[in-house]
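Heads up, the thing below is written out as structure tokens.
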There are 2 protein chains.
Amino acid sequence: MNVDLSNLRQKFRERDYKLTPQRQIILQVFINNRDKHLSAEDVHNIVRQQSNDIGLATVYRTLELFSELEILQKINFGDGRSRYEINETSSPHHHHHLICLTCGRVIEFADDLLEDLETIIAKNSNFTIVDHQVKFYGYCQECQKHCED
Amino acid sequence: MNVDLSNLRQKFRERDYKLTPQRQIILQVFINNRDKHLSAEDVHNIVRQQSNDIGLATVYRTLELFSELEILQKINFGDGRSRYEINETSSPHHHHHLICLTCGRVIEFADDLLEDLETIIAKNSNFTIVDHQVKFYGYCQECQKHCED
DNA sequence: ATCCTTGCAAAGGGTTTGCATTAAA
DNA sequence: TTTAATGCAAACCCTTTGCAAGGAT
């Protein structure tokens with residue numbers, strides 16, 4: 001468990017933010033959907049299904065706030081909307097995805113090799129790298145089965 | 001030189017597309033701006049500066065068409081608009097960028113190591129990878145100079 | 001009581017679409 | 001001459017914002 005509520009409360013107090021019911025509900029949605037990449041609309045729908053309606057504008061504002069506080073990580077899969085996932089590690093670092101071009105499925109993968117790559121590139125380019133985003137596009141196992149072409 | 005006009009003409013003929021002046025002008029914009037990552041609006045502005053006005057909708061439609069034909073590569077830098085660059089190599093493959101978090105500058109870098117990484121990941125995940133997109137975020141040399149903090 | 005947060009509706013920014021007109025082939 | 005492409009404006013979608021009402025500390 002990485003999201004520590006009392007820690008969070010303090011983070012909020014420090015900055016004069018309030019830990020409102022809406023914010024807690026939205027946080028809970030991400031805790032309950034660790035493996036998913038939720039858009040604002042997704043979050044809004046999930047909350048509504050729980051008969052806890054929250055204004056869409058509030059959802060957007062909360063997602064932005066959580067991103068700033070590094071509780072969430074904003075990701076862009078090129079599908080025309082921003083998606084968010086809970087920031088499991090304290091360092092906002094390892095976000096790598098295999099994106100299936102057939103079914104759109106997004107599969108996570110662990111890396112280590114990328115760290116080395118980052119070091120080499122930083123050295124060659126005089127660029128101070130603080131984060132990276134890597135996406136591989138292709139065909140997942142399922143879709144390979146379904147259409148052997 | 002990678003963009004071959006007569007080859008292009010044939011590609012168009014095959015699919016009953018027409019090589020209109022608008023399309024030629026837009027193609028030329030990308031040929032003249034090989035190193036840039038142009039948005040639809042950028043293209044529109046460049047064309048207007050040449051007193052060759054083209055409707056913005058046509059620009060969008062042309063960019064989409066060229067992407068399908070793999071003449072252009074669509075990229076997303078997370079700045080709220082799609083950007084395009086000319087597809088230099090025949091295989092739509094190596095698009096890697098260093099994005100400066102201070103000035104927004106985008107620097108290209110050559111890779112090779114990524115190919116190896118791709119192979120390893122494909123093996124581990126049973127995923128057939130056909131393309132990848134890698135972005136490193138950090139601070140470019142210039143911005144490092146300006147604010148040593 | 002203060003100041004942040006909410007919800008609604010309107011506005012915004014990028015992109016797409018319908019339709020009549022124009023122009024490649 | 002046929003069929004696709006253009007240009008304009010309206011529509012679209014996601015996201016942001018203004019503002020009055022509500023709520024946490």
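Below, read A as the first sequence line, B as the second, and so on, with proteins coming before strands; counting in each chain starts at 1. Given the structure is predicted, the values throughout are model-derived calculations rather than measurements. The basis for the numbers below is simple: all heavy atoms, side chains too, and nothing from hydrogens, waters or symmetry mates.
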For DNA chain C, the residues among residues 52-67 of chain B that have a non-hydrogen atom under 4.0 Å from it: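 Heavy-atom cutoff 4.0 Å gives B:Ala57, B:Tyr60, B:Arg61.
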Residue pairs passing the salt bridge (Lys or Arg N to Asp or Glu O under 4.0 Å) test where at least one lies in residues 14-28 of chain B, sequence neighbours excluded: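 The answer is none; no pair qualifies.
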A:Asn76 side chain reached by B:Phe77 side chain, heavy atoms, under 4.5 Å: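 Contact flag for B:Phe77/A:Asn76 side chains = no.
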Side chain to side chain donor-acceptor pair (under 3.5 Å) contacts in which one or both residues fall within residues 52-62 of chain B, not counting sequence neighbours: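 Only B:Arg48-B:Asp53 qualify under side chain to side chain donor-acceptor pair (under 3.5 Å).
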All salt bridge (charged side-chain N to carboxylate O under 4.0 Å, His left out) counterparts of A:Glu68, not counting sequence neighbours: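 Not a single residue meets the salt bridge (charged side-chain N to carboxylate O under 4.0 Å, His left out) criterion with A:Glu68.
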Bending between helix ends of the helix from C:dA1-D:dT25 to C:dA25-D:dT1 [5 pairs per end, 10° resolution]: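 Comparing the axis at each end, I get an angle of 30°.
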Spacing between A:Ile75 atom CD1 and D:dC14 atom C1', to the nearest angstrom: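 Taking CD1 of A:Ile75 and C1' of D:dC14, I get 17 Å after rounding.
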For atom CG of B:Leu19 and atom P of C:dA25, their distance in whole Å: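 Atom-to-atom, B:Leu19 to C:dA25, this comes out as 6 Å.
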Nearest to side-chain heavy atoms of A:Arg81, which nucleotide of D:dC14, D:dA5, C:dA24: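 So the side chain of A:Arg81 is nearest to D:dC14.
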Given D:dT3, D:dT6, C:dT6, the nucleotide with the shortest approach to the side chain of B:Gln22: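 The closest nucleotide is D:dT6.
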Interface with DNA chain D, restricted to residues 39-47 of chain A and to heavy atoms under 4.0 Å: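 Per residue number, the list is empty: none.
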N/O (side chain, B:Thr20) to phosphate O (OP1/OP2, D:dA4) under 4.0 Å: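 B:Thr20 to D:dA4 OP1/OP2: no side-chain N or O under 4.0 Å.
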